[in-house]
Amino acid sequence: MWAPPGEARADIPRGRLKDGGQYAWRARTTDGKLTGPYTAWCYFRVDHTPPTAQVTTDATPKKAGEDAVFTLRGSDADTGSGIACARWRTSETPSVGWRCSDEATDAHVVRLTDGALDIRVKPSTWGSQSVYLETMDNAGNLSQPARLDYYAQPATAPAAFGDIDADGKPDVLVPDADGSLRKPGSDPRETPGADRSATPDGSDSWAGIQYTHRGTLGSLPVDDLLAHAPGGPGLYRYRNDGAGRFTEQAPIGLSKPATCRYTAGEVIDCVQHGFGSDWSRVTRIAAYGSTRGDTAVGGILPNTSVLSVENGRLWLTHRQGGRLARESTLVSPDDDRWAGYELLTPGPAQGTAFPTLWARSTADGAIRAFSVTGTADAPDFSAFADPTAGPVLTTISVAEHPRIGSDGDLTGDGLPDLWSAGAPGTGPPAPTSRRRPALRGNSSHLSRLPPDLAQYRQSAGSRM
């Protein structure tokens, strides 16, 4: 056989090496006249037998949105090379081309201690589920895939706006150092909430994308993700797989409504009121929740709605049949006063089921609150007319805290929380007097910055 100069190679047919056999070789060199001494013997053992794999669990009822314990087991023949590692999964898609060294980047590649390891799996939805396992021995042999089927009962946690993974609690998504969206503190080896390769503009990072989640367009118990690339013509719905992963399937483009109305119902000319035929002039988007009240019904979130700022005007669009409705309502005057404001959607914050709107001025960082009044059948958005008129909750510097948001009550104290995140990979933002201990997550530093909500609730009462 050919070999590079100074090297030697010998190929031995697999069939000549007995499974479990131990062999030895040695070598010496010659120049045709003189021959050197033999090297020391080098021993190796042959392993042709694949290892085994098994997944088990106890009889504890499994529930959607709650962690369940499963035990992974692997074994190799007495004459085998021993179990090196294993890879588990919850989808039917086979594991292809994986190696033990992938454990540095893939949380599903694990080492078994004494042939076993307990893992935690959170069923994304109720119904029949499966856990799959493959093991690999030290010779590189793969086991046949093992499969354990089980049934997950419906979630006991009530559906909640802001929740992406069915645990009944609101969640935060921020870009990590690589540009993918993740929950702060999540394992960077796990599949991200939204992969950087799936941005609406192909930019390979979510850091510059307008994204929002609060409710669903598809009658689900968890949020969808809505995304818009600044200046781009499209607004996209990224469907939740039930476990907080939005880019496992292709996004759905959302058509721009063709009919415009005043809040009283009068049809108006869209173009004359700054409402274009696509999303390219939209500067802010926010999944707002249900204008009839943010209360789940039968474990399903009610229809969400979307607030958007276009040419300085604030528009409200409802959901219809898994998409946006064909009409939008102008909830601000016909001027450009909303051009310099970010939209935050904390959910109910006024003692009623109506969701509240918070808005931060990009000029001075002041955050104001705007409330819906009226009834579920006839909500009143008159408070949204003037972005400078809402009561000030707090002031958060745009320069020190470039990304802020609110996804509801993150702490369980009954009050919605405000969070901020530095740019991906830049470390923490500058401290402020209102800052609590940081909620750290990946390389996007996350801080909880609660405004003085208790004091505001007492002084403003039902206006909040």
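Because the structure is predicted, anything quoted here is derived from the model rather than measured. Here, residue 1 is the first one in the sequence, and each next residue gets the next number.
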Trainee: Sort and list the pairs that fulfil disulfide (SG to SG under 2.5 Å) and have at least one residue in residues 169-282, not counting sequence neighbours.
Mentor: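 As it turns out, the disulfide (SG to SG under 2.5 Å) pairs with a partner in residues 169-282, which skip direct neighbours, are Cys260-Cys270.
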Trainee: Looking at Ala287 and Leu226, what are the two nearest heavy atoms and their distance?
Mentor: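 Minimum heavy-atom contact is CB-CD1, 4.4 Å.
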Trainee: When you compare the side chain of Val306 with that of Leu324, does any pair of heavy atoms fall below 4.5 Å?
Mentor: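 Yes - at least one pair of side-chain heavy atoms lies under 4.5 Å apart.
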Trainee: Any side-chain heavy atom of Val55 within less than 4.5 Å of one from Trp88?
Mentor: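 No, too far: nothing below the 4.5 Å cut-off.
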Trainee: Check Thr373 against Phe354 and note the closest heavy-atom contact, atom names and distance.
Mentor: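 What the structure gives for the nearest pair is O-CE1, 4.1 Å.
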Trainee: Of all residues at least two apart in sequence or in a different chain, which pass the salt bridge (charged side-chain N to carboxylate O under 4.0 Å, His left out) check with Arg99?
Mentor: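 Scan of Arg99 (salt bridge (charged side-chain N to carboxylate O under 4.0 Å, His left out), adjacent residues dropped) gives none.
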Trainee: Quickly, which of Ser180, Pro184, Ser420 forms a side chain to side chain contact (heavy atoms under 4.5 Å, CB included) with Val174? Name it, please.
Mentor: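 It is Pro184; the other options fail the test.
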Trainee: What distance separates Asp195 CG from Arg182 CZ, expressed to the nearest 0.5 Å?
Mentor: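 Going from the CG atom of Asp195 to the CZ atom of Arg182 covers 8.5 Å.
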Trainee: Does the side chain of Asn303 come under 3.5 Å of the side chain of Ser290 through a donor N or O and an acceptor N or O?
Mentor: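 No, no side-chain donor-acceptor pair sits under 3.5 Å.
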Trainee: Do any N or O atoms from the side chain of Trp279 and from the backbone of Leu254 form a donor-acceptor pair under 3.5 angstrom?
Mentor: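 Side chain of Trp279 to backbone of Leu254, a donor-acceptor pair under 3.5 Å: yes, one is there.
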Trainee: Would you call His228 and Tyr211 a side-chain contact if the rule is heavy atoms closer than 4.5 Å?
Mentor: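 Sidechains of Tyr211 and His228: no contact.
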Trainee: Checking Thr259 against Arg326: is there a side-chain donor and acceptor pair closer than 3.5 Å?
Mentor: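 Per modelled atom types, Arg326 and Thr259 side chains form no pair under 3.5 Å.
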Trainee: Please tell me if the side chains of Thr135 and Leu142 come closer than 4.5 Å, counting only heavy atoms from C-beta onward.
Mentor: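 Result no, sub-4.5 Å side-chain heavy-atom pair not found.
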Trainee: List the steps, then state whether ring pair (Phe, Tyr, Trp, His ring centres under 6.0 Å) holds for His318 with Tyr288.
Mentor: CA-CA 10 Å; His318 294 284; Tyr288 180 54; 9.2 Å; no
Trainee: Is there a donor-acceptor pair closer than 3.5 Å between any side-chain N or O of Gln153 and the backbone N or O of Trp126?
Mentor: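 Not a single qualifying donor-acceptor pair exists.
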Trainee: Output yes when a side-chain donor or acceptor of His401 lies under 3.5 Å from a complementary backbone atom of Ser397, and no otherwise.
Mentor: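 Judged by distance alone, no pair lies under 3.5 Å.
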Trainee: Decide, yes or no, whether a salt bridge links Asp163 with Lys169 under the criterion of side-chain N to carboxylate O below 4.0 Å.
Mentor: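 Looking at Lys169 together with Asp163, the answer is no, because their closest N to O distance does not fall below 4.0 Å.
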Trainee: Is the shortest distance from a Lys or Arg side-chain nitrogen in Asp176 or Arg196 to a carboxylate oxygen in the other one below 4.0 Å?
Mentor: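 Arg196 and Asp176: not salt-bridged.
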Trainee: For Trp315 and Phe275, run ring pair (Phe, Tyr, Trp, His ring centres under 6.0 Å): C-alpha distance rounded to whole Å, both residues' side-chain angles, the deciding distance at 0.1 Å, then the answer.
Mentor: CA-CA 9 Å; Trp315 296 86; Phe275 194 83; 4.5 Å; yes
Trainee: Do Asp364 and Ser361 have a side chain donor and acceptor closer than 3.5 Å?
Mentor: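 Side-chain D/A pair, Asp364 to Ser361: present.
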Trainee: Any side-chain heavy atom of Phe381 sitting closer than 4.5 Å to one from Leu316?
Mentor: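 Yes. Closest side-chain heavy atoms under 4.5 Å.
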Trainee: To the nearest 0.5 Å, tell me how far Ser91 OG sits from Arg245 CZ.
Mentor: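 Between atom OG of Ser91 and atom CZ of Arg245 there are 8.5 Å.
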Trainee: Under 4.0 Å between a Lys/Arg side-chain N and an Asp/Glu carboxylate O for Glu103 and Arg111?
Mentor: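 Result for this pair is yes, salt bridge flagged.
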Trainee: Over all heavy atoms of both residues, which pair between Tyr150 and Ser130 is shortest? Give the atoms and the distance, please.
Mentor: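 Residues Tyr150 and Ser130, closest heavy atoms: CE2-N, 3.9 Å.
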Trainee: Looking just at side-chain N and O atoms, do Ser305 and Arg319 make a donor-acceptor pair shorter than 3.5 Å?
Mentor: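 On atom types as modelled, these side chains do not qualify, holding no pair under 3.5 Å.
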Trainee: Using the rule given for salt bridge (Lys or Arg N to Asp or Glu O under 4.0 Å), can you reason through Arg87 versus Asp106, listing the C-alpha separation, both sets of side-chain angles and the distance that settles it, and then say yes or no?
Mentor: CA-CA 9 Å; Arg87 188 181 192 280; Asp106 186 348; 3.0 Å; yes
Trainee: Please name the pair of heavy atoms, one in Pro251 and one in Tyr236, separated by the smallest distance, quoted to 0.1 Å.
Mentor: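 Closest approach of Pro251 to Tyr236, heavy atoms only: CB-CB, 4.2 Å.
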Trainee: Donor-acceptor check, side chain of Thr304 to backbone of Gly289, threshold 3.5 angstrom: yes or no?
Mentor: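 Confirmed, Thr304 side chain pairs with Gly289 backbone.
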Trainee: Do the side chain of Asp417 and the main chain of Asp409 share a donor and acceptor less than 3.5 angstrom apart?
Mentor: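 No; judged by distance alone, with no hydrogens or angles, the pair does not exist.
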Trainee: Do Tyr341 and Val309 have side-chain heavy atoms sitting under 4.5 Å apart?
Mentor: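 The answer is no; the side chains never approach within 4.5 Å.
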Trainee: If the test is side chain to side chain contact (heavy atoms under 4.5 Å, CB included), which one of Pro346, Pro348, Pro302, Pro170 qualifies with Phe161?
Mentor: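 For Phe161, the side chain to side chain contact (heavy atoms under 4.5 Å, CB included) test succeeds with only one of Pro346, Pro348, Pro302, Pro170, which is Pro302.
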Trainee: Answer yes or no: is there a donor N or O on one side and an acceptor on the other, between the side chain of Asp223 and the main chain of Gly162, under 3.5 Å?
Mentor: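 Between the backbone of Gly162 and the side chain of Asp223 there is a qualifying donor-acceptor contact (under 3.5 Å).
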Trainee: Mind checking what makes ring pair (Phe, Tyr, Trp, His ring centres under 6.0 Å) contact with Tyr238, not counting sequence neighbours?
Mentor: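 Partners of Tyr238 under the ring pair (Phe, Tyr, Trp, His ring centres under 6.0 Å) test: Trp206.
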Trainee: Using salt bridge (Lys or Arg N to Asp or Glu O under 4.0 Å), reason through Lys62 and Asp58 one step at a time and then give a plain yes or no.
Mentor: CA-CA 10 Å; Lys62 312 301 187 283; Asp58 59 24; 3.6 Å; yes
Trainee: So, does Arg360 use its side chain to make a donor-acceptor pair with the main chain of Ile396 at under 3.5 Å?
Mentor: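 Yes; at least one donor-acceptor contact below 3.5 Å.
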Trainee: How long is the gap from CD1 on Ile285 to OG1 on Thr345, to the nearest 0.5 Å?
Mentor: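 Interatomic distance, Ile285 CD1 to Thr345 OG1, rounded to 0.5 Å: 10.5 Å.
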Trainee: Looking at Asp149 and Arg147, does any basic side-chain N land under 4.0 Å from a carboxylate oxygen?
Mentor: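 Result for this pair is yes, salt bridge flagged.
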Trainee: Any heavy-atom pair between the side chains of Pro200 and Ile209 that's under 4.5 Å?
Mentor: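 The answer is yes, as the side chains (C-beta and beyond) meet within the 4.5 Å cut-off.
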Trainee: Over all heavy atoms of both residues, which pair between Ser308 and Val282 is shortest? Give the atoms and the distance, please.
Mentor: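 Heavy atoms only, the tightest pair is CB-CG1, 4.1 Å.
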Trainee: Which residue pairs pass the salt bridge (charged side-chain N to carboxylate O under 4.0 Å, His left out) test when at least one of the two sits in residues 305-314, sequence neighbours left out?
Mentor: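 Listed by first then second residue: Lys256-Glu310, Arg313-Asp334.
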Trainee: Run the side-chain donor-acceptor check on residues 112-125: report pairs under 3.5 Å with partners two or more places apart or on a different chain.
Mentor:
unit_1, atom_1, unit_2, atom_2, d
Asp118, OD1, Thr71, OG1, 2.6
Thr125, OG1, Gln129, NE2, 3.4

Trainee: So how far is it from Thr156 OG1 to Lys63 NZ, rounded to the nearest 0.5 Å?
Mentor: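 Going from the OG1 atom of Thr156 to the NZ atom of Lys63 covers 4.5 Å.
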Trainee: Checking side-chain polar atoms at under 3.5 Å, does Glu342 have a donor or acceptor matched by the opposite partner on Thr362?
Mentor: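 Distance-only check fails for Glu342 and Thr362.
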Trainee: Judged by atom type as modelled, is there a donor-acceptor pair below 3.5 Å linking the side chain of Arg403 to the main-chain atoms of Ala207?
Mentor: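 Present.
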Trainee: Quick one: pull up CD1 in Ile164 and OG1 in Thr216 and give me the separation to the nearest 0.5 Å.
Mentor: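 Between atom CD1 of Ile164 and atom OG1 of Thr216 there are 13.0 Å.
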Trainee: Quick one: do Val172 and Leu410 satisfy side-chain contact (heavy atoms from CB on, under 4.5 Å)? Show the steps, please.
Mentor: CA-CA 9 Å; Val172 175; Leu410 303 177; 3.7 Å; yes
Trainee: What distance do Arg73 atom CZ and Leu133 atom CG have between them, rounded to the nearest 0.5 Å?
Mentor: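 Between Arg73 CZ and Leu133 CG, I get 11.0 Å after rounding to 0.5 Å.
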Trainee: Could you tell me if the side chain of Gln210 sits less than 4.5 Å from the side chain of Pro230, heavy atoms only?
Mentor: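 Of all side-chain heavy-atom pairs linking Gln210 with Pro230, at least one is under 4.5 Å.
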Trainee: Checking side-chain polar atoms at under 3.5 Å, does His108 have a donor or acceptor matched by the opposite partner on Tyr132?
Mentor: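 No donor-acceptor contact under 3.5 Å links the two side chains.
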Trainee: So which pairs with a foot in residues 368-390 pass salt bridge (charged side-chain N to carboxylate O under 4.0 Å, His left out), sequence neighbours left out?
Mentor: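 Of all non-adjacent pairs touching residues 368-390, those that pass salt bridge (charged side-chain N to carboxylate O under 4.0 Å, His left out) are Arg292-Asp377, Arg337-Asp386.
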Trainee: Which label fits Phe384 and Phe370: parallel for a plane angle under 30°, tilted from 30 to 60°, or perpendicular past 60°?
Mentor: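 The rings of Phe384 and Phe370 stand perpendicular, inter-plane angle above 60°.
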Trainee: Could you report the tightest heavy-atom contact between Lys183 and Ser186, atom names first, then the distance?
Mentor: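 Nearest heavy atoms, Lys183 then Ser186: O-OG, 2.8 Å.
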Trainee: Is the CZ atom of Arg281 crowded by more than 12 outside heavy atoms at less than 6.0 Å?
Mentor: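 Not buried by this count: 12 neighbours or fewer within 6.0 Å.
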